[in-house]
Amino acid sequence: MRSETLSVEEVYRKQGYRLLGRNRHSAVKVCRWTKESLRSGRVCYKELWYPPVQSHRCMEMTPYIGCNCHCLYCWRIHSGDRPELKWREFPLPIKEMDEPGEIVDDAVRMRRELLIGFKGNPKVDRDKLMEALKPTMMTMSLTGEPTLYPRISELVVEARKRGMITFLVTNGTMPKVLEEMDPLPFQLYVTVSAPDKDTYIRLVRPLIRDGWERLNQTLDLFPSLDTRRVIRLTMVKGWNMKSPEKYADMVRRAEPDYVEVKAYEWVGESQRRLPRWAMPYMEEIESFAAELSKLTGYEIGGRYKPSGAILLK
């Protein structure tokens, strides 16, 4: 088991991740848009759409590298993706979880170590890099399902103590966790990747029997959550770009502040599972978002071609 764990960690390390803490169930990585912001000034759409985000000061991490879904479009490596790499990722075989404060401190430290190398890049603004070393935002996304970490609210508290707002991105399969969170994150994302149960099972490949039902419970809970709420529709061509009226019904039930219609990106391990043509063109995303706008009354509030994303608000 130890040799398997080390080999898995080695793969993560080569992909730019750093596992954290004593029990290695958390991870951090420098986001592509943090790098872009430092090198060229180009920023993530979140900086444009969701103040007070600053791309160079956003720390992307996860408190739980395991997941209860094996989404075809996910960029992360799943157990079994490669014959030589198989491990139990849900639930993770861990007897004790690391303390929330230790996770946050270790993430900040490891991210700082990853960013130090930018000091030698002449294209990087030195003052901006110094700011980047002190993150003002912690995004719990990256890999795995963060709500499987049992002390998720305490992570929000620890991030606040260190001057960071929090974004939480979830697959929506843990509605009871979201209902009981206190405090909630500054912004809450729920990913919706299917208009019906059959598509959900084929594309999301849940490792739990009632994943679709749990997602719908989360959507019904959504209006009662007192924070900034976003539904993200991850669009995969040939799989789930259909039945806009069913997506519209889900949006109406959830009453989010914003809806993102976002193209699947053919990156990472997903390239082993899906063909390149499964990544939609921006024109296709715009067309689908326009149809959804008509059905929901949400207006198009932004377009960002580099990420294949449309904002409805």
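Residue indices begin at 1 and follow the sequence shown. These numbers come from the heavy atoms of this one structure, side chains and all, not from hydrogens, waters or symmetry mates.
Among R272, R76, R205, R273, the one residue that satisfies the salt bridge (charged side-chain N to carboxylate O under 4.0 Å, His left out) test with D81 is R273.
Judged by distance alone, the side chains of T296 and Y247 never bring a donor and an acceptor atom under 3.5 Å apart. Of the N and O atoms on the side chains of T139 and E60, not one donor lies less than 3.5 Å from an acceptor on the other residue. For H70 and E89, the side-chain atoms include at least one donor-acceptor pair closer than 3.5 Å. Remark: the Y73 side chain and the T234 side chain contain no N/O donor-acceptor pair separated by less than 3.5 Å. Side chain to side chain, K123 and S40 fail the donor-acceptor criterion of an N or O pair below 3.5 Å. Inspection of the E269 and Q15 side chains reveals an N or O donor paired with an N or O acceptor under 3.5 Å. Judged by distance alone, the side chains of N68 and T173 do bring a donor and an acceptor atom under 3.5 Å apart.
Between E255 and F222, the closest side-chain pair of non-hydrogen atoms is not below 4.5 Å. Here the side chains of I77 and L85 are in contact, with some heavy-atom distance below 4.5 Å.
Between R202 and D198 a salt bridge is recorded (basic side-chain N to carboxylate O distance below 4.0 Å). Salt-bridge formation is not detected for the pair D257/R228: no Lys NZ or Arg NE/NH1/NH2 atom is positioned less than 4.0 Å from an Asp or Glu carboxylate oxygen. The residues E9 and R24 are annotated as salt-bridged, a charged nitrogen and a carboxylate oxygen being separated by less than 4.0 angstrom. A salt bridge links D106 with R109: at least one charged nitrogen is closer than 4.0 Å to a carboxylate oxygen. Between R151 and E99 there is a salt bridge, since at least one side-chain N of the basic residue sits less than 4.0 Å from a carboxylate O of the acidic one. Salt-bridge formation is detected for the pair K197/E213: a Lys NZ or Arg NE/NH1/NH2 atom is positioned less than 4.0 Å from an Asp or Glu carboxylate oxygen. A salt bridge links K161 with E158: at least one charged nitrogen is closer than 4.0 Å to a carboxylate oxygen.
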Evaluation steps, side chain to side chain donor-acceptor pair (under 3.5 Å), between E145 and T170: CA-CA 6 Å; E145 172 50 46; T170 175; 2.8 Å; yes
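Ring centroids of Y258 and Y298 are separated by 6.0 Å or more, keeping the two rings apart.
Remark: K29 is positioned above the aromatic ring of Y17, its terminal NZ or CZ atom under 6.0 angstrom from the ring centre and at most 45 degrees off the axis.
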